[in-house]
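Data first, discussion second: the structure below is written as structure tokens.
These values consider heavy atoms only, across backbone and side chains, with no hydrogens, waters or symmetry-generated copies. The model shown is predicted, which means the values in this text are computed figures rather than measured ones. Both ligands and their constituent atoms are indexed starting at 1 by order of listing.
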Amino acid sequence: MVVFSLESVIESFEASTRDAGRVQIETLRRILEENSDAEYLQSLGLNGRTDPDSFKACVPLVTHPDLEPYIRRIADGDTSPVLTGKPISSISLSSGTTQGRPKLVPFNEELVKSTMQIYQTSYAFRNREFPIANGKALQFIYSSKQIMTRGGLTATTATTNVYRSEQFKRTMMDLQSQCCSPDEVIFGSDFHQSLYCHLLCGLIYSNEVQLVSSTFAHSIVHAFRTFEGVWKELCADIREGVLSSRITIPSMRAAVSELLKPDPELADSIYTKCTGLSNWYGVIPELWPNAKYVYGIMTGSMEPYLKKLRHYAGNLPLMSADYGSSEGWIGANVNPTLPPESATFAVLPDIGYFEFIPLEENGEQKLEQRPSTTSYAELEPVGLAEVEVGKEYEIVVTSFAGLYRYRLGDVVKVAGFYNSTPELKFVCRRSLLLTINIDKNTEKDLQLAVEEAAKLLAAEKLEVVDFSSHVDVSTEPGHYVIFWELNGDACEDVLSNCCDCLDRAFVDAGYISSRKVRSIGPLELRIVQRGTFQKILDHFLSLGAAVSQFKTPRCVGLSNSKVLQILNSNVMDSYFSAAYD
Ligand code: AMP
């Protein structure tokens with residue numbers, strides 16, 4: 001086993017960030033040398049040059065559709081060096097919750113390596129502030145289905161590709177964060193059964209658990225919402241030492257039954273603790289008394305779940321995990337004491353080559369719909385060492401896994417520097433969510449509007465379980481539709497006020513002026529039945545998505561007809577805003 005030293009991880013991070021600009025030039029050189037045989041690079045006429053200026057002059061900025069034909073060839077079995085020098089052995093499926101279908105991206109060992117490097121880096125900093133003892137982690141992690149491409153490559157989500165690597169297990173052992181559940185649970189074919197078993201295994205090892213985590217915070221909130229409904233059954237299983245009949249997958253049953261012994265004392269203690277809680281506040285520290293923190297990605301589209309997560313976590317600190325994507329990792333959270341709302345990610349200058357397209361503050365540039373690669377006239381991307389504090393950028397990635405000048409579509413803000421590498425704050429996806437004419441609203445704008453209106457529910461002790469939106473242009477003029485699932489019944493007056501508040505909370509000048517002249521109709525709030533968002537999750541799972549990477553689609557277009565149909569067929573009430581009457 002590799003002996004993992006926190007000091008040496010911090011030292012190498014310090015060394016690589018001290019002169020991040022130079023490390024970036026070196027990283028680009030390595031990427032281009034290793035992949036100099038790739039057909040894609042050869043066709044662009046680099047002729048062996050590896051310096052940033054030649055790279056920028058020869059290689060165009062691209063988005064996923066530009067590379068899709070190359071990735072498709074790899075998936076179909078072309079083993080020649082298409083995008084990378086060494087052949088690509090697996091394909092990752094990005095979560096695809098925005099577009100409604102997953103994107104294929106190349107996956108290779110380099111991505112496993114950089115994943116471990118990111119995990120180790122943020123762990124080293126986290127552990128300095130919040131040391132954990134040798135123990136286990138209650139991890140809500142799930143794999144997705146693996147499919148074979150036409151060319152015989154495995155295609156699955158990036159997280160699954162990582163979980164099944166040997167290096168992942170070794171690293172997790174080094175990080176004292178071994179999952180309580182056996183592999184049969186993580187790799188089980190039914191998410192609901194896996195979740196139940198994760199909870200059960202977590203309870204069996206309740207005294208050893210040092211942290212509670214998942215990839216995205218949504219999974220933790222989802223797990224504890226489920227726990228509220230199944231806790232008595234879990235207690236019964238522990239009391240009798242017999243696994244619930246709801247677990248029907250033979251391998252999962254066998255593996256979990258092995259761990260489950262009759263333990264009436266533990267069952268009693270869980271029962272007493274649960275009944276003593278008020279509305280499940282602080283359930284995590286109550287049942288896992290040695291847990292030091294809750295860990296997972298809590299930024300970006302996960303922010304709406306923070307309130308509920310804080311409720312379950314009680315006095316335990318919430319620690320936001322690192323920033324990356326199926327395409328590759330970007331930065332680690334090396335300031336673990338910051339609350340998730342202020343979390344930043346220090347870019348690791350040796351895991352990829354990064355460029356940043358400046359987005360003008362409040363200008364058209366920032367809010368424009370993502371232009372096609374051939375026609376955009378934008379500001380030139382700048383290098384990692386040239387970004388400025390306080391400015392926003394779209395991030396461009398060149399990776400060790402065959403992506404060159406690839407626009408990730410994320411907007412980030414430079415919050416500061418760690419040595420000479422930027423610390424990024426995630427702002428939002430760049431693509432617009434809500435637009436009818438001159439109005440432009442992003443995912444973040446929607447989130448802020450929902451937060452504002454949800455304050456009116458708090459007085460009624462109600463909360464928004466989840467939300468989404470849609471632009472309805474089937475009638476003239478078009479209008480915004482917001483879908484809300486609530487955790488209880490609200491009276492009409494309150495919801496009607498929420499609807500007006502939502503409408504007013506979109507402060508984009510284009511929206512306000514369009515509303516005033518009625519070129520956009522009154523905002524509509526549709527309340528959906530409880531469980532609607534669970535149905536959406538189930539729908540994505542049936543398509544092969546993984547819960548570990550699931551992000552609720554915050555805007556559903558007509559192309560995502562199934563999700564729209566789920567939402568619309570579960571509407572109980574609808575309200576139209578009178579805010580601009
Ligand atoms: P996927 O390709 O399914 O892994 O999703 C990647 C996307 O998730 C990124 O492009 C971001 O938009 C989002 N994401 C990943 N990590 C974070 C993070 N730490 N904070 C906010 N959003 C994130």
Query raised in the report: Are Phe13 and Phe125 near enough that their ring centres are under 6.0 Å apart?
Result: yes
Query raised in the report: Below 6.0 angstrom between ring centroids: does that apply to Tyr163 and Phe187?
Result: no
Query raised in the report: Contact between Gly324 and ligand 1, counting heavy atoms under 4.0 Å?
Result: yes
Query raised in the report: Heavy-atom contact under 4.0 Å between Asp322 and ligand 1?
Result: yes
Query raised in the report: Does the ring centre of His222 sit less than 6.0 Å away from the ring centre of Phe191?
Result: yes
Query raised in the report: salt bridge (charged side-chain N to carboxylate O under 4.0 Å, His left out) between Arg126 and Glu129: does it pass, once the steps are laid out?
Result: CA-CA 5 Å; Arg126 207 159 58 244; Glu129 309 288 340; over 6 Å; no
Query raised in the report: In ligand 1, which numbered atoms sit nearer than 4.0 Å to a non-hydrogen atom of Gln549?
Result: 1 (P), 3 (O), 4 (O)
Query raised in the report: Is ligand 1 under 4.0 Å from a heavy atom in the side chain of Phe426, in the backbone, in both, or in neither?
Result: side chain
Query raised in the report: Would one find an N or O of Ser326, backbone or side chain, under 3.5 Å from an N or O of ligand 1?
Result: yes
Requested in this report: Before giving the answer on side chain to side chain donor-acceptor pair (under 3.5 Å), spell out for Tyr511 and Thr435 the whole-Å C-alpha distance, their side-chain angles and the decisive distance to 0.1 Å.
Outcome: CA-CA 8 Å; Tyr511 184 73; Thr435 179; over 6 Å; no
Requested in this report: Any atoms of ligand 1 less than 4.0 Å from a non-hydrogen atom of Phe345? List them with their elements.
Outcome: 19 (N)
Requested in this report: Kindly state each residue pair satisfying salt bridge (Lys or Arg N to Asp or Glu O under 4.0 Å) with at least one member in residues 321-340, sequence neighbours excluded.
Outcome: Lys103-Glu327
Report task. Could you see which bit of Arg429 sits under 4.0 Å from ligand 1, with heavy atoms only: side chain, backbone, both or neither? Result -> side chain
Query raised in the report: When you look for heavy atoms under 4.0 Å from ligand 1, do you find them on the side chain of Thr299, its backbone, both, or neither?
Result: both
Query - Partners passing side chain to side chain contact (heavy atoms under 4.5 Å, CB included) against Pro304 (at least two apart in sequence or in another chain) - result: Gln447, Phe467, Arg554
Requested in this report: Heavy-atom contacts with Lys551 under 4.0 Å: which atoms of ligand 1 show up? List them by number with element.
Outcome: 1 (P), 3 (O), 5 (O), 8 (O)
Report task. Answer with yes or no whether Lys103 contacts ligand 1, where contact means a heavy atom under 4.0 Å from a ligand atom. Result -> no
